[in-house]
Amino acid sequence: MRASTGGSVHMKPRFPLRPLLLLSLLCLAPLARGATDLLPRPPELEPAIQFWIRVYTQISTNDGFIHDQRNLAVVYETLHFEPDTPARERERRVDAQRERIRDILRRLATGAPPQDADEQKVRELWGPDVTPQRLADAVDDVRFQLGQSDRFR
């Protein structure tokens, strides 16, 4: 803690505040549904809220989502790992699946129609109004999020 010359006190958090805020929102969300405006839930945030609820309540550290980092409503697939799967093998599988999704996005971004069920699924996740440019941008936004339900409990 340090005092500034203006007399205010600035504290540097010892832990990230974003996860703490998220967990607080998750805990308060059921209360907010039953009460009016205790915790506003703007409709544009609902996909992100639902994504993080799933991460912290539905999938364990033996599972994870391959998803778009900017549009959390887009979850390409759920990966499942055996509990004894080594970290290097998990990483290899995640990298391979991320690259597979990136390849699909690159192809769809050319404007070509989907060639198989996997490409069709990815195309449908983005909805009918997605542009080729948005699909091209999504190539760099493919991420993996490990589940946390067992740790959260």
Side-chain angles (χ1 to χ4, degrees), residues 13 15-153:
F15 50 87
L17 293 178
R18 190 178 243 173
L20 182 60
L21 176 61
L22 174 65
L23 293 176
S24 298
L25 290 173
L26 289 173
C27 292
L28 293 174
L31 295 174
R33 288 187 193 120
T36 57
D37 297 328
L38 282 178
L39 182 63
R41 286 176 70 153
E44 57 274 5
L45 290 182
E46 197 60 33
I49 291 169
Q50 292 307 313
F51 176 85
W52 290 110
I53 287 173
R54 289 174 64 195
V55 166
Y56 280 94
T57 65
Q58 294 179 6
I59 61 170
S60 75
T61 53
N62 291 316
D63 306 296
F65 294 136
I66 302 281
H67 67 94
D68 183 80
Q69 76 170 350
R70 288 193 278 164
N71 181 350
L72 295 178
V74 176
V75 175
Y76 298 109
E77 64 183 284
T78 303
L79 296 182
H80 304 284
F81 305 103
E82 293 300 319
D84 59 347
T85 304
R88 284 199 147 181
E89 175 60 17
R90 288 180 182 222
E91 186 176 332
R92 187 197 63 74
R93 285 186 50 204
V94 167
D95 289 346
Q97 292 298 17
R98 269 200 312 237
E99 194 54 40
R100 186 179 69 79
I101 296 297
R102 286 181 180 132
D103 288 344
I104 290 171
L105 288 166
R106 283 184 196 104
R107 181 170 148 47
L108 294 174
T110 67
Q115 285 187 326
D116 58 28
D118 288 340
E119 288 186 5
Q120 183 64 36
K121 177 186 172 198
V122 169
R123 178 64 186 79
E124 288 173 359
L125 285 169
W126 284 99
D129 298 328
V130 70
T131 65
Q133 183 59 51
R134 179 63 187 104
L135 293 172
D137 293 344
V139 170
D140 294 326
D141 292 332
V142 179
R143 296 291 182 267
F144 176 74
Q145 175 61 53
L146 188 68
Q148 299 294 309
S149 66
D150 50 335
R151 288 185 180 160
F152 186 61
R153 280 187 210 114

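Owing to the predicted nature of the structure, the values given are computational and were not obtained by experimental measurement. Quick note: numbers below take in every heavy atom, side chains included, and nothing from hydrogens, waters or symmetry partners.
- Across all non-hydrogen atoms, the minimal contact from Leu146 to Val55 is O-CG1, 3.8 Å.
- Arg106 is linked by a side chain to side chain donor-acceptor pair (under 3.5 Å) to Glu99, Asp103, counting only residues two or more places apart in sequence or in another chain.
- Between the side chain of Arg107 and the backbone N or O of Pro113, at least one donor-acceptor pair lies under 3.5 Å.
- Heavy atoms from other residues, nucleotides or ligands lying under 6.0 Å from CD of Glu44 number more than 12.
- Annotation: side chain to side chain contact (heavy atoms under 4.5 Å, CB included) contacts of Pro114 (sequence neighbours excluded): Leu108, Glu119, Gln120, Arg123.
- With sequence neighbours left out, the ring pair (Phe, Tyr, Trp, His ring centres under 6.0 Å) criterion links Phe51 to Phe65, His67.
- Minimum heavy-atom separation, Arg41 to Ile49: NH2-CG2, 3.3 Å.
- Salt-bridge annotation for Glu89 and Arg92: present, with a side-chain N of the basic residue lying under 4.0 Å from a carboxylate O of the acidic one.
- The side chain to side chain contact (heavy atoms under 4.5 Å, CB included) check on Arg70 picks up Asp68, Arg134, Asp137, Asp141, with sequence neighbours excluded.
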_Is there a side chain to side chain contact (heavy atoms under 4.5 Å, CB included) between Arg100 and Asp118? Walk through the geometry before answering._
CA-CA 10 Å; Arg100 186 179 69 79; Asp118 288 340; 3.3 Å; yes
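- The shortest non-hydrogen separation linking Pro132 to Ala109 is CB-O, 3.2 Å.
- For Asn71, the side chain to side chain donor-acceptor pair (under 3.5 Å) criterion is met by no residue, not counting sequence neighbours.
- Thr61 and Asp150 share a donor-acceptor pair across their side chains, judged by distance under 3.5 Å alone.
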*Determine, stepwise, if the pair Arg98 / Asp95 fulfils salt bridge (charged side-chain N to carboxylate O under 4.0 Å, His left out).*
CA-CA 5 Å; Arg98 269 200 312 237; Asp95 289 346; 2.7 Å; yes
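- Ser60 places no side-chain N or O within 3.5 Å of a backbone atom of Ser149 that could act as its donor or acceptor partner.
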*Go through the steps for Glu77 and Ile101 under the test side chain to side chain contact (heavy atoms under 4.5 Å, CB included), then give the verdict.*
CA-CA 9 Å; Glu77 64 183 284; Ile101 296 297; 3.9 Å; yes
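- A ring-ring contact (aromatic ring centres under 6.0 Å, His included) check over residues 72-94, counting only residues at least two apart or in different chains, returns nothing.
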*Should Arg90 and Asn62 be marked as a side chain to side chain contact (heavy atoms under 4.5 Å, CB included) after you check the CA-CA gap, both sets of side-chain angles, and the distance that decides it?*
CA-CA 9 Å; Arg90 288 180 182 222; Asn62 291 316; 2.8 Å; yes
